[in-house]
Amino acid sequence: MPVPLTRALDAVLDGTDTVALQRATARLVEVYRSGAPPSAQVLGDPVTAAAYAAYRMPATHAAVSRVLREADRQGVLGGVRRLVDVGGGTGAAAWAVADAVPGLGSVTVLDGSADALALGRRIARNGPEALSTATWTLADLARVASGARLPSGDLATLSYVLGELPADLRAPVVDALRDAAPRVLVVEPGTPRGFAAVLAARERLLAAGWHVVAPCPHGLGCPVATRDGDWCHFSARLDRTALHRRLKGAALGHEDEKHSYVLAVRDPVPPAPGRVLRHPLTRKGLVRLQVCQADGTAAPDTVTRRDRERYRAARDVRWGDPWRPPGDGAAT
Ligand SMILES: C[S@@+](CC[C@H](N)C(=O)[O-])C[C@H]1O[C@@H](n2cnc3c(N)ncnc32)[C@H](O)[C@@H]1O
């Protein structure tokens, strides 16, 4: 019987030398904190791949899972049978898709790290069938710049990879994703740098005639990008495993994984009516939302108790959820 990712991770990582993992985790924290594209393979040995799986994989899995909830809400996951997870590493995005798409038939994970792929394959043995039978392929994405094609699928994911690529490889990789599947999901850390990479991918997809499904309720210029010091990002909460807490010396039992993303499709689907861009601010009798709107603007929406139906909906709405601004039909 398949087990959830955290149990599958525990089963595989149990018995790994904790001190070696702690050292490798500290090195990974440094690399990721700098945010700059690394000059060499980051997951270049089995211990570093294991540290990645223990310390980052649950978080990237949580971010992709959060995004897939939005994809599902907008009916984009129906018809997904074949996943291509590009730069898939130890398989976090593949686990998220397998969780969100019960009928997933086949998974292909491509990555430049043999150690990450080998570990991902071991972890996936405990997962659902689409994962335990997945194909794990060693591939250097640099080859797409000279015309190499990616395997085809119904959905192509690129999770926490774009920022690791040299700047001149990013557009060719986005184009290759587009050629590989009719649905493309790009997720990056929810930092100004991650957002900039996502924004460039979004522009590339729109320029090719694709349609953005989420987070944007429109295919116009991004209103957040024009605001000084602001960047569009969201948050996914996850419980930390005991191993994660040991490796990071962390006291808190949970963390919030900030992420930026774009989900785009070749054939249009109805967009969300609006998107909540911040944690809603709740005061007695009112909820204040910051909303990205279908007309390409971002604006506050203050919902008071007087507006009973919208108020009830506003009290339940979360950062990253769809939201129907006033004067745009019924409450979401
Ligand atoms: C931060 S990890 C993300 C792994 C996984 N997608 C996730 O969400 O947890 C970045 C991955 O991109 C892969 N990668 C970076 N540059 C690559 C390249 N040129 N070709 C293939 N894979 C690459 C790395 O090996 C690594 O597994």
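Values below: every heavy atom of this structure, side chains too, minus hydrogens, waters and symmetry copies. In this text, all values refer to a predicted model and were calculated from it rather than measured experimentally. Read the numbers this way: they start at 1 and go in the same order the structure lists the ligands and their atoms.
Residue-to-ligand polar distances place Gly87 within reach of ligand 1: an N/O pair is separated by less than 3.5 Å. Looking at Leu141 next to ligand 1, an N or O pair under 3.5 Å apart turns up. When only interatomic distances are considered, the shortest N/O to N/O separation between Asp85 and ligand 1 does not fall below 3.5 Å.
Between Trp231 and His233, the angle of the ring planes stays under 30°, which puts this pair in the parallel group of the 30/60° scheme.
Tested against Asp301, the residues Gln290, Arg310, Arg288 include a single side chain to side chain donor-acceptor pair (under 3.5 Å) partner, Arg310. Screening His244, His61, Glu257 for a side-chain contact (heavy atoms from CB on, under 4.5 Å) with Arg56, the sole residue that qualifies is Glu257.
Under a cut-off of 6.0 angstrom, the local environment of CZ in Arg245 is crowded, with over 12 non-hydrogen atoms contributed by other residues, nucleotides or ligands. Within 6.0 Å of CZ on Arg143 lie no more than 12 heavy atoms contributed by other residues, nucleotides or ligands. Other residues, nucleotides and ligands contribute more than 12 heavy atoms inside 6.0 Å of the CZ atom of Arg266.
For ligand 1 and Asp140, the ligand atoms under 4.0 Å from any heavy atom of the residue are 18 (C), 19 (N), 20 (N). Ligand-side atoms of ligand 1 in range of Ala139: 20 (N), 21 (C), range being under 4.0 angstrom from any heavy atom. Contact atoms of ligand 1 toward Tyr32: 1 (C) (distance under 4.0 Å to a heavy atom of the residue). Remark: ligand 1 atoms within the under-4.0 Å shell around heavy atoms of Gly89 are 27 (O). For ligand 1, the atoms lying closer than 4.0 Å to a non-hydrogen atom of Ser113 are 25 (O). Listed by number with element, the atoms of ligand 1 under 4.0 angstrom from any heavy atom of Tyr160 are 1 (C), 2 (S), 3 (C), 10 (C).
Between Ala93 and ligand 1 there is no heavy-atom distance shorter than 4.0 Å. Using a 4.0 Å cutoff on heavy atoms, Glu164 counts as a contact of ligand 1. His61 does not count as a contact of ligand 1, since none of its heavy atoms falls under 4.0 Å from the ligand.
Summary of contacts: the protein heavy atom closest to atom 23 (C) of ligand 1 is Gly112 N, 4.0 Å. Residue, atom and distance of the protein heavy atom nearest to atom 3 (C) of ligand 1 are Tyr52 OH, 3.3 Å. What sits closest to atom 25 (O) of ligand 1 on the protein, heavy atoms only, is Asp111 OD1, 2.6 Å. The protein heavy atom nearest to atom 5 (C) of ligand 1 is Gly88 O, 3.4 Å. Among all protein heavy atoms, the one lying closest to atom 8 (O) of ligand 1 is Ser159 OG, 2.6 Å.
Contacts between Gln41 and ligand 1 below 4.0 angstrom, taking non-hydrogen atoms only, involve the side chain exclusively. Of all the heavy atoms of Thr60, the ones lying under 4.0 Å from any atom of ligand 1 belong exclusively to the side chain. Contacts between Val64 and ligand 1, counted as non-hydrogen atom pairs separated by less than 4.0 Å, are absent for every part of the residue. Residue contacts with ligand 1 for Leu165 involve side-chain atoms from C-beta outward but no N, CA, C or O (heavy atoms, distance under 4.0 Å). Only the side chain of Ala92 comes within contact range of ligand 1, with a heavy atom under 4.0 Å; no backbone atom does.
Checked against the 6.0 Å centroid criterion, the rings of Trp319 and His279 qualify as a close aromatic pair.
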| field | Test log, rule side-chain hydrogen bond (donor to acceptor under 3.5 Å, both in side chains), inputs Thr304 and Asp307 | value | CA-CA 6 Å; Thr304 65; Asp307 193 350; over 6 Å; no
| task | Using the side-chain hydrogen bond (donor to acceptor under 3.5 Å, both in side chains) rule, take Thr297 and Gln293 through it: C-alpha gap first, then chi angles, then the decisive distance, then the call. | result | CA-CA 5 Å; Thr297 62; Gln293 307 183 124; 2.8 Å; yes
| task | Given side-chain contact (heavy atoms from CB on, under 4.5 Å), test Arg318 with Phe234 step by step and report yes or no. | result | CA-CA 10 Å; Arg318 301 268 176 271; Phe234 303 92; over 6 Å; no
| message | Show, in sequence, the C-alpha distance, side-chain angles and deciding distance for Asp175 and Leu177, and conclude whether the side-chain contact (heavy atoms from CB on, under 4.5 Å) test is met. | response | CA-CA 5 Å; Asp175 293 350; Leu177 292 170; over 6 Å; no
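With hydrogens and angles disregarded, a donor-acceptor distance shorter than 3.5 Å links the side chain of Glu188 to the backbone of Val161.
A donor-acceptor contact closer than 3.5 angstrom is absent between the side chains of Asp111 and Ser113.
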